[in-house]
Visitor: 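One structure, pasted below without further comment.
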Number of protein chains: 4
Amino acid sequence: MAGSVNKVILIGNVGADPEIRRTQDGRPIANLRIATSETWRDRNSGERREKTEWHTVVVFSEGLCKVVEQYVKKGAKLYIEGQLQTRKWQDQNGNDRYSTEIVLQGFNSTLTMLDGRGEGGGSGVSRGGGNDYGGGYEDYDQPRQSSGGGRSGGGQGGQSGGNFSRDLDDDIPF
Amino acid sequence: MAGSVNKVILIGNVGADPEIRRTQDGRPIANLRIATSETWRDRNSGERREKTEWHTVVVFSEGLCKVVEQYVKKGAKLYIEGQLQTRKWQDQNGNDRYSTEIVLQGFNSTLTMLDGRGEGGGSGVSRGGGNDYGGGYEDYDQPRQSSGGGRSGGGQGGQSGGNFSRDLDDDIPF
Amino acid sequence: MAGSVNKVILIGNVGADPEIRRTQDGRPIANLRIATSETWRDRNSGERREKTEWHTVVVFSEGLCKVVEQYVKKGAKLYIEGQLQTRKWQDQNGNDRYSTEIVLQGFNSTLTMLDGRGEGGGSGVSRGGGNDYGGGYEDYDQPRQSSGGGRSGGGQGGQSGGNFSRDLDDDIPF
Amino acid sequence: MAGSVNKVILIGNVGADPEIRRTQDGRPIANLRIATSETWRDRNSGERREKTEWHTVVVFSEGLCKVVEQYVKKGAKLYIEGQLQTRKWQDQNGNDRYSTEIVLQGFNSTLTMLDGRGEGGGSGVSRGGGNDYGGGYEDYDQPRQSSGGGRSGGGQGGQSGGNFSRDLDDDIPF
DNA sequence: TTTT
DNA sequence: TTTT
């Protein structure tokens with residue numbers, strides 16, 4: 001279907017130190033739990049009430065996984081931009097189950113630290129890029145939104161050899 | 001938690017005519033299934049592939065429910081802005097189950113028709129507004145995005161009779 | 001035109017203490033300058049470079065003006081959601097000039113403090129609401145995103161007296 | 001500054017056939033004028049009123065320029081995601097002037113056709129990507145949001161040979 | 001200058 | 001004029 005948009009924007013706090021797993025072929029996948037909350041005043045009692053919503057965020061982007069690994073800790077406040085995805089799985093009884101997650105993969109995915117933590121060397125912000133299959137893209141002569149932290153490799157030495165194509169994979173996911 | 005944002009933006013097509021239920025006290029709730037899709041070219045085969053994601057949208061806003069009821073049909077292309085919410089329920093075996101939905105309720109919720117259907121009288125766009133439980137804002141002399149509508153008589157008594165047009169004004173801004 | 005969206009989302013820092021003016025009939029208007037920046041690595045020199053963009057934000061929402069007045073200071077980090085608006089004016093030579101601003105007015109406008117400043121009593125976040133002209137929605141028993149903040153009354157003593165209704169009007173526009 | 005976001009989302013109609021210029025080194029730049037509008041009912045007269053806002057969109061992304069060139073015509077309804085940028089220039093009297101534009105360049109820029117025009121072969125949607133310095137990226141084995149159409153000479157005619165590395169430039173803006 |  |  002042409003003309004479709006699937007975008008989630010969250011600002012919230014990380015509920016626990018992230019888990020980072022690896023696929024069989026070595027690519028990292030980070031899982032985050034992020035809380036957003038809203039408060040309101042009860043119309044009858046006049047009391048302030050609060051409701052917290054927990055979101056599961058799955059980071060496939062290799063670059064963003066590095067950001068997560070290095071900087072994101074329990075309690076961190078993040079800006080997240082990703083896509084909704086519902087995954088089907090079977091429980092122990094063989095029943096179909098569904099889980100909806102915010103996926104950070106490829107273009108239009110963003111993860112930004114909002115509380116100044118983990119910002120060594122001008123980082124703390126990053127763009128999804130990458131299809132999570134490769135290494136690090138290296139340089140550019142155009143600005144990009146904030147940082148680039150987590151951007152692997154980094155530096156000008158540049159990607160040499162065979163993993164250049166992996167770079168491609170990584171940064172041009174699809 | 002102060003400083004939190006929970007926002008979903010979708011552009012997609014409605015998979016089936018919407019269901020509209022009513023609560024015991026008469027408030028409408030509309031359910032929509034919306035498909036977004038992405039396409040890509042397989043790196044190996046070079047073939048074009050497509051993946052469709054289905055989203056469940058629950059409209060609590062009374063005004064938006066009216067828009068849905070009147071204008072939204074299977075196949076309609078919509079712009080939706082709402083919030084993520086995960087609801088817990090028990091299956092027939094008493095197991096906890098969770099469903100994640102995009103909720104349109106109150107401020108910052110929007111539903112806009114993008115394919116020109118159902119736009120009699122200048123409508124087809126609407127803002128969530130209202131907590132759908134009361135109130136009754138009346139009018140304004142400043143533009144608001146789309147809109148027009150008049151928040152329903154709000155209140156639970158429910159808008160009867162002549163204030164239907166006010167409702168319209170209120171909830172269907174333009 | 002049905003089916004139109006005009007949305008700006010910024011996260012950035014306030015460049016100077018806000019100015020708050022009043023219209024002849026007493027409504028407040030706040031002006032903010034907000035900086036966003038992006039950094040990148042020069043492809044030739046390998047040096048890190050940064051480009052800062054300055055945005056003019058005009059807050060017509062009376063409720064958000066209160067938040068600005070009470071909490072927003074030079075250096076504050078804010079989340080802003082508003083609309084683009086280009087205003088035409090004449091310079092001293094009578095030439096047409098245009099200024100583009102991000103307007104926070106009515107629905108779908110948001111201003112959230114992201115650095116924990118000014119969050120007494122659960123505040124620091126607010127929704128534009130209000131068309132700033134009146135109305136009279138009153139209360140609610142459903143959550144709304146964050147909120148509270150700046151919500152006058154909010155905070156400590158709670159809104160007393162006659163201006164409670166104005167506050168309400170203002171902040172819960174419809 | 002770490003932790004900064006600068007995002008504009010528009011859905012509106014194109015006011016005139018786009019202009020496409022070229023830089024001295026051959027890169028395309030497309031200019032679009034997009035109208036969004038809002039309607040409301042006057043509080044006094046009860047009349048419906050409408051206000052249209054015109055936005056200048058500048059497309060630096062080479063891939064998106066191709067989409068614009070091929071598919072975008074006067075009247076087209078578009079979804080646009082880009083960044084705000086204010087450009088300083090001098091008028092004929094040497095006075096400083098400023099113009100604010102929505103820039104589509106690099107990641108996180110999107111342009112999607114919403115009215116089904118120009119969707120031959122699965123197109124009509126595209127991602128910014130690219131730093132606007134190169135050719136066309138070719139394939140991928142991960143999905144990307146919608147289409148990709150317009151992307152690159154992509155597809156059939158397609159970019160040949162050595163300009164693949166330029167493709168890189170193009171698609172990995174930074 | 002679009003669109004409804 | 002902010003921030004890192």
Side-chain angles (χ1 to χ4, degrees), chain A residues 71 112-126 145-149, chain B residues 71 112-126 146-148 172-174, chain C residues 1-6 10-19 31-40 48-57 72-78 80 86 114-115 117, chain D residues 1-6 10-19 31-40 48-57 72-78 80 86 113-115 117:
Chain A
Y71 302 118
T112 301
M113 310 285 300
L114 291 177
D115 47 10
R117 307 188 197 195
E119 301 185 25
S123 188
V125 179
S126 198
Q145 184 66 16
S146 276
S147 168
Chain B
Y71 302 119
T112 301
M113 310 285 301
L114 293 177
D115 48 8
R117 309 190 196 194
E119 302 183 26
S123 187
V125 178
S126 199
S146 269
S147 152
I172 309 189
F174 9 126
Chain C
M1 179 199 323
S4 158
V5 171
N6 173 358
L10 300 179
I11 296 178
N13 294 282
V14 176
D17 286 345
E19 296 170 41
N31 272 266
L32 297 169
R33 290 283 286 167
I34 295 187
T36 56
S37 77
E38 35 189 347
T39 61
W40 70 101
R48 180 175 295 281
R49 300 179 59 186
E50 179 172 23
K51 179 160 180 289
T52 295
E53 193 68 39
W54 285 97
H55 309 271
T56 298
V57 175
V72 176
K73 303 295 174 208
K74 175 176 172 174
K77 176 162 284 191
L78 299 183
I80 287 283
T86 298
L114 291 177
D115 48 9
R117 309 190 197 196
Chain D
M1 179 203 320
S4 159
V5 170
N6 174 359
L10 300 180
I11 296 179
N13 294 282
V14 176
D17 286 345
E19 296 170 42
N31 273 266
L32 296 170
R33 291 282 286 167
I34 295 187
T36 56
S37 77
E38 37 189 345
T39 61
W40 70 100
R48 179 175 296 281
R49 300 180 57 186
E50 179 172 23
K51 178 161 181 288
T52 294
E53 193 67 39
W54 284 97
H55 310 270
T56 298
V57 174
V72 177
K73 303 296 174 208
K74 174 176 172 175
K77 175 162 284 188
L78 299 182
I80 287 282
T86 298
M113 310 285 301
L114 291 177
D115 48 8
R117 308 191 197 195

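Per chain, numbering begins at 1; letters A, B, ... match sequence-line order.
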Visitor: Does a donor on one side chain sit under 3.5 Å from an acceptor on the other, for Arg49(C) and Thr39(C)?
Guide: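 Not at all, the side chains of Arg49(C) and Thr39(C) share no donor-acceptor pair under 3.5 Å.
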Visitor: What is the distance, to the nearest angstrom, from the CE atom on Met113(D) to the P atom on dT3(E)?
Guide: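 Interatomic distance, CE of Met113(D) to P of dT3(E): 13 Å.
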Visitor: From CG of Leu10(C) over to C1' of dT1(F), roughly how many Å is that when rounded to an integer?
Guide: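 Computing the Leu10(C):CG to dT1(F):C1' distance gives 16 Å.
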Visitor: Nearest whole Å is fine: how far is dT1(E) P from Arg33(D) CZ?
Guide: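 Distance, rounded to whole Å: 11 Å.
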Visitor: May I ask you to verify whether the side chain of Thr52(C) and the base of dT2(F) hold a donor-acceptor pair under 3.5 Å?
Guide: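 Between dT2(F) and Thr52(C), which were checked side chain against base, a qualifying N/O pair under 3.5 Å is present.
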Visitor: Grab the CG-P distance between Leu32(D) and dT1(E) for me, whole Å please.
Guide: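 Rounding to the nearest Å, CG of Leu32(D) and P of dT1(E) are 17 Å apart.
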Visitor: Could you check if a side-chain atom of Val72(D) sits within less than 4.5 angstrom of a side-chain atom of Pro18(D), using non-hydrogen atoms only?
Guide: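 Yes, side chains in contact.
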Visitor: Which whole-number value in Å describes the distance from Arg49(D) CZ to dT3(E) C1'?
Guide: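 These atoms are roughly 19 Å apart.
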Visitor: Do Glu50(C) and Ser37(C) pair up side chain to side chain, a donor and an acceptor below 3.5 Å, judged on atom types alone?
Guide: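 On atom types as modelled, these side chains qualify, holding a pair under 3.5 Å.
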Visitor: Quick check, does Trp54(C) stack with dT1(F)? I mean ring centres under 5.5 Å and planes off by under 30°.
Guide: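 Stacked: centres under 5.5 Å apart, planes under 30°.
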Visitor: Any side-chain heavy atom of His55(C) sitting closer than 4.5 Å to one from Thr36(C)?
Guide: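 In contact.
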Visitor: Can you check the Leu114(B) CG to dT4(E) P distance for me, whole Å?
Guide: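 After rounding, the gap between these two atoms is 12 Å.
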Visitor: Would you kindly give the CD-to-P distance between Glu50(C) and dT3(F), to the nearest whole Å?
Guide: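 Answer to the nearest Å: 12 Å.
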Visitor: Would you tell me if any nitrogen or oxygen in the side chain of Lys74(D) comes within less than 4.0 Å of OP1 or OP2 on dT2(E)?
Guide: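 It does, given that an N or O in the side chain of Lys74(D) lies less than 4.0 Å from OP1 or OP2 of dT2(E).
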Visitor: Send over the distance from His55(C) NE2 to dT1(F) C1', rounded to a whole Å.
Guide: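 About 13 Å, once rounded to whole Å.
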